[in-house]
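All chains are named by letter (A, B, ...) in the order of the sequence lines, taking the proteins before the strands, and each is independently numbered beginning at 1. Remember, it's a predicted structure, so these values are computed and weren't measured experimentally.
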Amino acid sequence: MYLDFRKQVETLLNETISHLGIETIDLDLEPSKHADLASKVAFRIASREKKDPKELAGAIVKAANVKKFPLIGKMSAMGPYININTSRNYIEETISRIRSEGTSFGGGFCEGQILLEHTSANPNGPLHVGHIRNSVIGDTLVRILRKAGYNVETHYYVNDMGRQIAIVSWALSHFEFDTSKKSDHSIADVYIEANAKLGEEPEKVMEIDKLMQLVEKGDEATIKSFSEAVLLALDGIKETLSRMNIRHDSFPYESTFVRSGAVTRIIEEIKATGRTKVDNGALVLDLEDYGFDKELVVQRSDGTSLYITRDLAYHEWKGERADRVINILGADHKLISGQLKATLDLLGKPEPEVVIFEFVSLPEGSMSTRRGKFISADELLDQVEEQAFVEVDMRRPEMPEDFKQKVAHMVGIGAVRYDVIRVSPEKSTVFNWKEALDFEKQGAPFIQYSHARACSILNKAQEEGIYNETFDMEPSLLVEDTEVELIKKMAAFDSIIEECARELKPHTLAIYARELAEAFNQFYRFVPVINIDDDKLKATRLGLVDCARIVLAISLDTLGIDAPKSM
RNA sequence: GAGACCAUAGCUCAGCUGGAUAGAGCAUCAGUUUGCGGAACUGAGGGUCGGAGGUUCGAAUCCUCUUGGUCUCACCA
């Protein structure tokens, strides 16, 4: 809704400025605390034409034909700033749209095909608390982009032929596999054991190299043993992801690009650029003019492919199938993804948009699956749900066990997801048990609570027969400050989605959802809803509660957090 | 050693392409209608925006230097 208002303001200002005989220029619009939208365009014109910005702002406001635009209310100049407010019509239109559009409110303004890859952790163990930052950022972006209107396909790119997997496969034939545990955890056990062994007896590394060559050549037995190892880990990983409301549409395997011949083809293309040479038997590519000092190794001296080469083939494939290709990657991939983009550019192929997130480390240092130094996602989720159960039990002791468990799950997962997504990806963090288990009052539970509260109010009203979705509302009766604030907040939802989708910054939505919940709580605190005599006003306010319920539910859903009807 | 990213209130963080008195939450302190879910609401205190220069009418935001942290610099992924 806010996007429509903004568009009208843009049209109005452009018309007005050109009417004044001034060349069009960046309108420099921004939301402001002084108005629903503010323009700094007077500064821009002033510096170009050596005029007084205050006078210009005044002149523009005076010349503007506001009446033509139904969503625009008051427009005024405050010094050099032009402040624009929404109209009463905007408020009432917002209400009627939420009621008619329901859960599709606030989205659907973009179109196109997107391929988004996230998580893609090596199948050599369970997801740990660092990996889930990738998963949560990725999945939230997927939900945001879908809400915006894109058709999004999600990928988990599976490394099924790298060195790590060769080690896992080797480990499975040398060490005991514990079938009593979740399979991804048992894979980690043998992987850690194998790495320790290889450290003690370096001559065994040759056996790993041998396995890699066999796989690359297409040796059936080796391929089968690799893929068994991968599936064991992947099954466990999928289970963890699904616990966090995350699922991928497809799991492309690295090996398919080797077997299809795509890797060989792309190596030929790279050679054809004339920028490669053979160094100690390995094929290397010069990317110095892209700012990379060191040459990029594209093929090993024994002829086997490398991660980067397979990834190039994968990206070529992705680029042919989508308008936007997005990857969520950890900070350790900064350099390699830069090299990947440079190489794709060199080959004239579309480059992916890369979202990099910084690492989550432990107080004692960085995490490592290989060394067994990590906190698994499963462990975190178990602990958090357990703590959430304690909280529910404390507040709703009379409720049955399965209710408490269900709520504890929703609240626990919500808390973890919210905690990850509220921080912008470029901040590195240190994992801390005490903080992880502390249910921040204004985090996910706060938003979920607001939703449950709205549901419960409506439920009560329906039982008493004083409200249902078809009741007539009279939006003109909604004039209290807290009511208007709540409505404006709901109206802004589309602009938040638009911004998150454009800049790939999901944390803004987390903040928004919290503010929306806050606006609802304030409204409900200050304005009587059920306990009033005026039936029309009562139905109207209940209708507003219903709208808030809808937008809270959409917001939570877009964050991948369950919206409980009661908690 | 080189490069990239980060540094804002006691703690965790917002702050969009430089622009109107630097914002939230947590924590602390003080309060709240016999009124609808108190996992709620109101208010207060708390900041040399790591440091030093510079560009600009204007800098938390841009440039340079500097300090501290994270990540990277493999024929690993």
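Summarising the geometry, atom CD1 belonging to Ile187(A) is positioned 9.0 Å from atom CG belonging to Asn124(A); distances are rounded to the nearest 0.5 Å. To the nearest 0.5 angstrom, Met567(A) atom CE is 13.5 Å from Lys406(A) atom NZ. To the nearest 0.5 Å, the span separating OG on Ser227(A) from OH on Tyr253(A) amounts to 7.0 Å.
For the side-chain hydrogen bond (donor to acceptor under 3.5 Å, both in side chains) criterion with Asn122(A), the lone passing option out of Asp160(A), Thr369(A), Asn159(A) is Asn159(A).
An OP1 or OP2 oxygen of U42(B) is reached within less than 4.0 angstrom by a side-chain nitrogen or oxygen of Gln522(A). For A24(B), the OP1/OP2 oxygens have no side-chain nitrogen or oxygen of Arg422(A) closer than 4.0 Å. A close approach under 4.0 Å does occur between a side-chain nitrogen or oxygen of Lys294(A) and OP1 or OP2 of A74(B). For the OP1/OP2 pair of C36(B) and a distance below 4.0 Å, the side-chain nitrogens and oxygens of Arg453(A) include no atom meeting the criterion. At A7(B), one or more side-chain N or O atoms of Lys427(A) fall inside 4.0 Å of OP1 or OP2 (strictly under the cut-off). The phosphate of G38(B) (OP1 or OP2) has no side-chain N or O of Arg395(A) nearer than 4.0 angstrom.
A donor-acceptor contact under 3.5 Å links the side chain of Glu30(A) to the base of C16(B). You won't find any donor-acceptor pair under 3.5 Å spanning the side chain of Asn124(A) and the base of A77(B), going by distance alone. A donor and an acceptor atom never sit less than 3.5 Å apart when one is taken from the side chain of Tyr524(A) and the other from the base of C41(B). Counting distance only, with no hydrogens placed and no angle test, the side-chain atoms of Ser428(A) and the base atoms of C6(B) include no donor-acceptor pair under 3.5 Å.
At a threshold of 4.0 Å, the pair Lys51(A)-Glu55(A) does not count as salt-bridged, since none of the basic side-chain nitrogens sits closer than that to a carboxylate oxygen. The existence of a salt bridge linking Glu288(A) and Arg275(A) is excluded, since no basic side-chain nitrogen approaches an acidic carboxylate oxygen closer than 4.0 Å. Salt bridge Lys277(A)/Asp286(A): absent, no basic N to carboxylate O contact under 4.0 Å. The pair Lys404(A)-Asp393(A) meets the salt-bridge criterion, with a side-chain N (NZ, NE, NH1 or NH2) lying under 4.0 Å from an Asp/Glu carboxylate O.
Stretches of at least 3 consecutive Watson-Crick or G-U wobble pairs, with each checked distance under 3.5 Å, appear in RNA chain B as B:1-7 with B:67-73, B:10-13 with B:23-26, B:28-32 with B:40-44, B:50-54 with B:62-66.
Atoms CZ (Arg163(A)) and C1' (C75(B)) sit 9 Å apart, rounded to a whole Å. Rounded to an integer number of Å, the gap from Ile336(A) CD1 to C75(B) P is 11 Å. Straight-line distance from the NZ atom of Lys334(A) to the P atom of C73(B): 12 Å, rounded to whole Å. One interatomic measurement links the two molecules: CZ of Phe439(A) to P of G38(B), which rounds to 20 Å at whole-angstrom precision. With rounding to whole Å, Arg44(A) atom CZ is found 12 Å from C57(B) atom C1'. Atom CG in Asp481(A) sits about 15 Å away from atom C1' in U42(B), given to the nearest Å. Protein atom CG of Asp26(A) is 13 Å distant from nucleotide atom C1' of G18(B), rounded to whole Å. Rounded to whole Å, the distance from CG on Leu296(A) to C1' on C76(B) is 13 Å.
Ring orientation note: the planes of Trp433(A) and Phe431(A) are nearly perpendicular, at an angle over 60° on the 30°/60° scale. Classified by interplanar angle (parallel below 30°, tilted 30° to 60°, perpendicular above 60°), the ring pair Tyr314(A)/Tyr157(A) is parallel.
Among the atoms of the strands shown, none is found under 4.0 Å from any heavy atom of Asp293(A). Within the nucleic acid shown, Val360(A) has no heavy atom closer than 4.0 Å to any nucleic acid atom. Among the protein residues, Ser361(A) comes within range of no part of the nucleic acid, since none of its heavy atoms lies under 4.0 Å from any strand. Arg396(A) comes within 4.0 angstrom of a nucleotide base, judged by non-hydrogen atoms across all strands. When heavy atoms are screened at a 4.0 angstrom cut-off, Met567(A) is found touching base atoms of the nucleic acid. Here Glu254(A) lies in heavy-atom contact (under 4.0 Å) with sugar-phosphate atoms only. Among the protein residues, Ala282(A) comes within range of the nucleic acid bases, having at least one heavy atom under 4.0 Å from a base atom. Contact annotation for Val297(A): backbone-only contact, meaning every heavy-atom pair under 4.0 Å involves sugar-phosphate atoms and none involves a base. At a threshold of 4.0 angstrom between heavy atoms, the contacts of Gly79(A) with the nucleic acid are absent. Residue contacts for Asp311(A): at a heavy-atom cut-off of 4.0 Å it reaches no nucleic acid atom on any strand shown. At a threshold of 4.0 angstrom between heavy atoms, the contacts of Ala461(A) with the nucleic acid are absent. Residue contacts shown for Asp419(A) are absent, as no nucleic acid heavy atom lies under 4.0 Å away.
Under a 3.5 Å cut-off, the side chain of Thr309(A) and the backbone N or O of Val298(A) do form a donor-acceptor pair. For Thr119(A) (side chain) and Ala121(A) (main-chain N/O), no donor-acceptor pair under 3.5 Å exists by modelled atom type. Although no hydrogens or angles enter the test, the distance criterion places no donor-acceptor pair under 3.5 Å between the side chain of Asp419(A) and the main chain of Ala415(A). Side chain of His451(A) to main chain of Pro564(A): a donor-acceptor pair is present (N/O by atom type, distance under 3.5 Å, no hydrogens or angles). When atom types are taken as modelled, the side chain of Arg541(A) and the backbone of Pro528(A) share a donor-acceptor pair closer than 3.5 angstrom.
Atom name P, nucleotides C62(B) and C75(B): the rounded distance is 35 Å, in whole Å. Remark: the separation of the P atoms in C65(B) and A2(B) is 12 Å, to the nearest Å. For U56(B) and G47(B), the C1' atoms lie 25 Å apart once the distance is rounded to whole Å. Across A52(B) and A60(B), the matching C1' atoms stand 16 Å from one another, rounded to whole Å. Rounded to whole Å, the separation between the P atoms of C57(B) and C13(B) comes to 37 Å. As rounded to the nearest Å, G68(B) and G31(B) have C1' atoms that lie 42 Å from one another. A distance of about 35 Å separates the P atoms of A7(B) and C76(B), rounded to the whole Å. Comparing G45(B) with A27(B), their C1' atoms sit 13 Å apart, to the nearest whole Å.
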Taking N or O atoms only and anything under 3.5 Å, show me the protein contacts with nucleotides 29-31 of chain B, one pair per line.
none

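Against RNA chain B, the stretch residues 501-513 of chain A makes heavy-atom approaches under 4.0 Å through Glu503(A), His507(A).
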Checking Ile421(A) against Arg417(A) for the side-chain contact (heavy atoms from CB on, under 4.5 Å) test, could you report, in this order, the C-alpha distance in whole Å, the side-chain angles of both residues, the deciding distance, and whether it holds?
CA-CA 6 Å; Ile421(A) 210 65; Arg417(A) 286 194 64 136; over 6 Å; no
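Picking from A20(B), C36(B), C41(B) the nucleotide with the shortest atom distance to the side chain of Ala38(A) gives A20(B).
A residue-by-residue look at Lys40(A) and Lys565(A) shows that Lys40(A) has its nearest nucleotide of RNA chain B further toward the 5' end.
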